[in-house]
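Worksheet: one structure, shown below.
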Amino acid sequence: MSHGPRTPVPGRRTVLRGSLLVPAAAALPAALTAAPAFALSGRPSADWGVQVGDVTASSALVWVRSDRPARMLVETSATESFRRARTWHGPLIGAGTDFTGTTPLYGLPAGEQVHYRVTLADPHDPRRTGRPVYGTFRTAPARRRDGVRFLWSGDIAGQGWGINPDIGGYRVYDEMRRRDPDFFLCSGDNIYADGVLEPSVTLPDGRTWRNITTPEKSKVAESLDEYRGNFRYNLLDGNLRAFNAQVPSVIQWDDHEVRNNWYPGQILDDDRYAEKDVDVLAGRSMRAFREYFPVSGLSAPRPPLSPGSSRLGRMHRVVRHGPLLDVFVLDMRSFRNANSPGRQADDTTGILGAEQLNWLKRELSRSRAVWKVIAADMPLGLVVPDGAMDFEAVAQGDPGAPLGRELQIAELLRHIKHRRITGTVWLTADVHHTSAQHYAPERAAFKDFAPFWEFVSGPLAAGGFPANALDGTFGPERVFVRAPDRANVSPMESPQFFGEVDIDGGSGELTVRLRAQGGTVLFSKVLQPGRTGQ
């Protein structure tokens with residue numbers, strides 16, 4: 001395979017030296033264990049690690065969290081020695097952002113390894129600094145012959161399965177880190193804000209699952225601080241912090257960032273919530289999301305302008321990763337209409353909203369990348385129920401002509417075919433199993449589209465569930481599936497899943513591998529470049 005140069009993982013001394021990257025069974029970050037009086041003395045600390053997001057060929061966004069007000073400083077270098085380091089003066093971070101901050105980096109060399117370290121300084125005495133925290137990442141390539149490798153998955157700390165110190169915490173992140181990808185695409189459900197964690201759970205075979213717990217995970221999240229605590233919870237895991245320090249992220253959101261199966265305008269009938277207006281809850285979650293992930297290009301919240309517009313602001317965006325790859329990050333949550341039986345014959349709002357659908361059609365048409373990955377936070381042809389009569393995703397179980405939210409997808413697929421847009425691949429998570437579906441018009445009720453593939457992976461650290469039924473409207477054929485035979489199987493009983501995509505710089509071939517925790521490749525598919533459907 002013709003792939004860009006990779007720094008050997010064991011040689012990343014910089015990362016291991018300064019990031020407090022320890023197993024999840026080790027002590028929690030000092031921000032949780034230190035007494036308040038002690039925590040306010042001394043120097044700023046960055047025990048929650050570092051992250052980098054939305055890396056391009058020349059830019060990146062660095063994230064850190066302090067334990068007190070601090071000035072953020074970032075140094076970058078081509079080597080671990082940090083000779084000829086470049087210094088970036090970041091923001092003053094404080095309580096208004098829960099002591100999180102980001103610093104944009106510009107003018108970086110394309111296709112190169114960048115080493116960085118973040119130092120937090122006392123805002124009143126710049127000489128008083130905390131211990132630097134180290135990380136590294138690769139910028140996107142400028143040349144086609146430099147290949148691309150990335151991973152994707154989703155669904156973290158769900159269904160009552162949190163960080164279990166007895167099994168080493170989120171070990172799958174250590175396995176993914178060792179794959180040394182260029183970036184990681186998280187397809188949503190980064191947290192389970194509605195998922196309470198009990199200290200222990202008895203498994204069907206009599207074993208005990210033990211959770212690390214925090215006050216914010218003892219109830220459903222409603223307040224801004226509770227949502228912040230949910231995002232912060234996963235950073236207690238040393239495997240995840242080590243992963244963040246080495247692997248850039250592309251993050252999207254879905255329902256559990258707020259609550260299960262939510263949609264704009266929903267009023268809750270749930271005794272667990274004092275706040276019944278989901279739009280209020282979503283606004284608080286979105287603020288915490290923006291604080292806890294290095295995500296660039298998001299617009300600010302605004303009043304809804306029309307049906308299908310989001311008051312939360314824009315989450316959808318294109319992440320361009322060199323000549324071979326554009327990633328179209330969708331938001332299938334904030335613009336959608338209410339969950340329903342999905343049988344309406346006219347639906348301009350759908351699951352994307354008219355504004356986002358038009359954006360996606362326009363940007364796909366403009367893209368000159370060899371491969372156009374459509375990062376969807378929900379699957380297309382898998383039936384995902386919401387109660388007895390309503391449906392949560394696109395499909396609604398009727399294999400006939402498109403209805404409801406399927407109408408938007410039909411319009412998009414028709415656009416891709418008629419504009420001869422090549423190299424589209426759909427990636428998603430959400431349904432807590434892994435599978436590969438091939439969609440073809442000869443099997444479909446709606447036939448005006450070119451064949452395409454959809455790949456599903458996950459969960460990363462949540463319950464496993466049986467495979468969903470297929471809806472025949474777009475002619476899906478399930479070529480591969482691995483799923484438990486019962487609902488909510490714990491990570492101690494079933495492996496967690498993630499997907500890997502390799503794009504060869506020489507041939508342009510794209511290879512998808514569906515992986516199980518433990519190193520097993522469950523399924524592999526090679527796709528050829530330059531085709532409208534295959």
Side-chain angles (χ1 to χ4, degrees), residues 1-6 9 55 111 138 140-141 143-154 172 175-187 247-250 319-329 367-376 379-380 416 421-429 433-440 450-458 460 476-482 495-534:
M1 173 182 164
S2 176
H3 200 289
R6 297 186 181 277
V9 174
V55 172
R138 275 186 298 277
R143 304 170 301 181
R144 172 172 167 155
R145 67 175 178 268
D146 294 328
V148 178
R149 175 187 298 153
F150 71 94
L151 308 179
W152 94 92
S153 190
V172 69
E175 186 171 322
M176 292 195 300
R177 179 181 64 84
R178 294 178 187 279
R179 297 300 305 159
D180 197 26
D182 293 300
F183 65 91
F184 171 65
L185 166 64
C186 188
S187 301
V247 181
S249 60
V250 175
V319 178
R320 306 192 189 280
H321 201 85
L324 287 171
L325 176 65
D326 282 348
V327 181
F328 298 82
V329 184
S367 174
R368 295 297 176 263
V370 176
W371 292 100
K372 302 156 188 72
V373 165
I374 302 176
L380 297 184
I416 291 171
I421 297 170
T422 62
T424 58
V425 179
W426 292 72
L427 302 182
T428 189
H433 64 261
T434 187
S435 66
Q437 287 78 234
H438 182 252
Y439 292 76
F452 66 95
W453 284 86
E454 174 188 53
F455 299 96
V456 179
S457 195
L460 278 180
E477 177 187 17
R478 186 175 279 142
V479 179
F480 172 82
V481 64
R482 179 66 60 86
Q496 306 294 273
F497 302 119
F498 64 94
E500 179 179 71
V501 176
D502 268 314
I503 307 176
D504 185 83
S507 66
E509 290 180 341
L510 182 146
T511 302
V512 178
R513 300 180 186 92
L514 300 180
R515 291 182 170 271
Q517 184 178 353
T520 304
V521 176
L522 303 172
F523 175 81
S524 182
K525 180 65 182 178
V526 179
L527 303 179
Q528 299 299 321
R531 299 185 181 178
T532 55
Q534 54 187 311

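- Taking CG of Asp182 as the reference point, atom CG of Leu151 lies at 9.5 Å (rounded to 0.5 Å).
- Considering all non-hydrogen atoms of both residues, Pro379 and Glu454 come closest at CA-OE2, 3.2 Å.
- By the 4.0 Å N-to-carboxylate-O rule, Arg320 lies close enough to Asp326 to be salt-bridged with it.
- Ala376 and Thr428 make their closest contact through O-OG1, 2.8 Å (heavy atoms, listed as atom of the first residue, atom of the second, distance).
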task = Could you give me the CA-CA distance, side-chain angles and deciding distance for Val319 and Phe183, then say whether side-chain contact (heavy atoms from CB on, under 4.5 Å) is met?
result = CA-CA 11 Å; Val319 178; Phe183 65 91; over 6 Å; no
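- The distance from the OG atom of Ser367 to the CD1 atom of Ile421 is 8.5 Å, given to the nearest 0.5 Å.
- Considering CZ of Arg515 and CD of Glu175, their distance stands at 7.5 Å, rounded to 0.5 Å.
- A donor-acceptor contact closer than 3.5 angstrom links the side chains of Ser435 and Gln437.
- Here the rule is side chain to side chain contact (heavy atoms under 4.5 Å, CB included) with Glu509, and of Asp502, Ile503, Val526 only Val526 fits it.
- Of the charged side-chain nitrogens involved, at least one lies within less than 4.0 Å of a carboxylate oxygen, so that Arg138 and Asp180 count as a salt-bridged pair.
- Of all the heavy atoms in His433 and Val456, the pair that sits closest is O-CG1, 3.5 Å.
- Here the CZ atom belonging to Phe452 is positioned 8.0 Å from the CD1 atom belonging to Ile374, to the nearest 0.5 angstrom.
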request  = Using the side-chain contact (heavy atoms from CB on, under 4.5 Å) rule, take Val501 and Val373 through it: C-alpha gap first, then chi angles, then the decisive distance, then the call.
outcome  = CA-CA 10 Å; Val501 176; Val373 165; 5.6 Å; no
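- Across all their heavy atoms, Val247 and Arg177 have their closest contact at CG2-CA, 4.5 Å.
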task = Give the C-alpha distance, both sets of side-chain angles, the deciding distance and a yes or no for ring pair (Phe, Tyr, Trp, His ring centres under 6.0 Å) between Trp453 and Phe455.
result = CA-CA 7 Å; Trp453 284 86; Phe455 299 96; 5.5 Å; yes
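- Taking the side chain as every heavy atom from C-beta outward, Thr434 and Phe480 approach each other to under 4.5 Å.
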request  = Run the numbers on Met176 and Leu460 for side-chain contact (heavy atoms from CB on, under 4.5 Å), then give the verdict.
outcome  = CA-CA 10 Å; Met176 292 195 300; Leu460 278 180; 3.8 Å; yes
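- A distance-only check finds no donor-acceptor pair linking the side chain of Arg143 to the backbone of Gly505 [under 3.5 Å].
- Between Arg482 and Leu514, every side-chain heavy-atom pair lies at or beyond the 4.5 Å cut-off.
- The main-chain N or O of Val172 is never found under 3.5 Å from a side-chain atom of Gln496 such that the two would form a donor-acceptor pair.
- Taking 4.5 Å as the limit, some side-chain heavy atom of Thr511 sits within range of a side-chain heavy atom of Ser524.
- Summarising the geometry of Gly508 relative to Trp371, their closest heavy-atom pair is O-NE1, 2.7 Å, with the distance given to 0.1 Å.
- Residues Ile416 and Lys372 form no side-chain contact, since every pair of their non-hydrogen atoms from C-beta on lies 4.5 Å or further apart.
- Pairing each heavy atom of Phe184 with each of Ser153, the nearest pair is CE1-N, 3.6 Å.
- Atoms CH2 and CD, from Trp152 and Glu500 in turn, are 9.5 Å apart once rounded to the nearest 0.5 Å.
- At distances below 3.5 Å, not a single donor-acceptor pair connects side-chain atoms of Ser457 with backbone N or O atoms of Ala429.
- Contact of the Val329 side chain with the Val250 side chain is registered, since non-hydrogen atoms from C-beta on lie closer than 4.5 Å.
- Note that CZ of Arg144 and CG of Leu325 are 12.5 Å apart. Values are rounded to the nearest 0.5 Å.
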